[in-house]
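What follows is one structure encoded as structure tokens, with my remarks underneath.
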Amino acid sequence: MHIKKNETLYISTILTIIASFLMGFIDAYTFLQQDEVFASAQTGNLVSLSSKLFSGEWGETMSHVWAFGGFLIGAFAGEAVMDRYQDKGVKRYRYYLLIQTVLLLVLALFQNQLTGALMLFSLGTLAGYELTIFRKFRGTVVNNGIMTGNTKNLMSHLYQLVFKNDSKAKAHLTNLAATVLIFMLGAGAGTLTIRYNASYNLWAAFAISFLAFAWATVRPSRDS
């Protein structure tokens, strides 16, 4: 039982690292290529939506609406998928990854044919899905695509470490700091990819997801 728990924690940590990088990577794409909209950072979307709405720029609010609506659907779908496959042990991660890999493949293949609204809705759905499913970095619960909560929690644990000498706070602090850094690296990598060739961004995101799926599939499992 202890081995199974450790294996699950190891796999979920690796996949959360990948998801954090991927969310930064895709957020760079939506921000630079899709009207400065974020796929995962819905606080920013809601601020922009409300600002444009109350400024009378109604037509420009829709891109934010599509991303936010997709995020809601993705988070709901993530809960449904987890509930459906919760009895599959560590093998459930293969199903989780297969779904996102297929979605990214479709988006990469048809990126020149899809409207901006459909692309934003789909990437918002992906963000909500990933944020719901991949959120365990070792022993710390993190948000792989929303850094506001991570940063707030990071400073809370820093306070506990400095003034309360809480030994557990150090591990949480390190895990949260790593998540923020990985997200930033993903956003930076996404930006460089777009500057080279914007159409490569979704193909690269698909490749990252496919490699994660392949790793989770071929990795020997002690759960069976």
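For the pair Trp215/Ile11, a side-chain contact is recorded, criterion being any heavy-atom separation below 4.5 Å from C-beta on. Side-chain contact between Glu130 and Leu126 is present, with at least one heavy-atom pair separated by less than 4.5 Å. At a threshold of 4.5 Å between non-hydrogen side-chain atoms, the residues His172 and Phe137 do not count as touching. By the 4.5 Å heavy-atom criterion applied to side chains, Gln100 and Leu22 are counted as neighbours. Looking at heavy atoms from C-beta onward, Phe134 lies out of side-chain contact with Ile14 at the 4.5 angstrom threshold. The shortest distance between side-chain heavy atoms of Ile182 and Thr179 does not fall below 4.5 Å. For the pair Leu123/Leu202, a side-chain contact is recorded, criterion being any heavy-atom separation below 4.5 Å from C-beta on. With a 4.5 Å cut-off on side-chain heavy atoms, Phe183 and Val142 do not count as touching.
Under the 4.5 Å side-chain heavy-atom criterion for grouping Ile, Leu, Val, Met, Phe, Trp and Tyr, Leu105 is connected to Ile26 within one hydrophobic cluster.
Here the closest heavy-atom approach between residue Ile18 and residue Ala212 is recorded as CD1-CB, 3.8 Å. Across all non-hydrogen atoms, the minimal contact from Ser199 to Gln111 is O-NE2, 3.1 Å. Here the shortest heavy-atom pairing between Thr30 and Ala39 reads OG1-N, 3.3 Å.
With Asn175 as reference, Arg138 is the one residue of Arg138, Lys170, His157 to meet the side chain to side chain donor-acceptor pair (under 3.5 Å) rule.
Using cut-offs of 30° and 60° for the angle between ring planes, the Phe163 and Tyr159 rings count as tilted. The aromatic rings of Tyr85 and Tyr95 sit parallel to each other, their planes meeting at less than 30°, with 60° as the upper class boundary. In this structure, Phe21 and Phe25 have parallel ring planes: the angle between them is below the 30° cut-off, well short of the 60° mark.
Under a cut-off of 6.0 angstrom, the local environment of CG in Asp87 is crowded, with over 12 non-hydrogen atoms contributed by other residues, nucleotides or ligands. The number of heavy-atom neighbours closer than 6.0 Å to CE of Met82, taken from other residues, nucleotides and ligands shown, is above 12.
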task = Begin from the C-alpha positions of Thr16 and Asn144 and carry the test side chain to side chain donor-acceptor pair (under 3.5 Å) through to its verdict.
result = CA-CA 7 Å; Thr16 298; Asn144 60 54; 5.9 Å; no

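Taking the centre of each ring, Phe31 and Phe38 come in below the 6.0 Å mark. Checked against a 6.0 Å centroid threshold, the rings of Tyr96 and Tyr93 count as neighbours.
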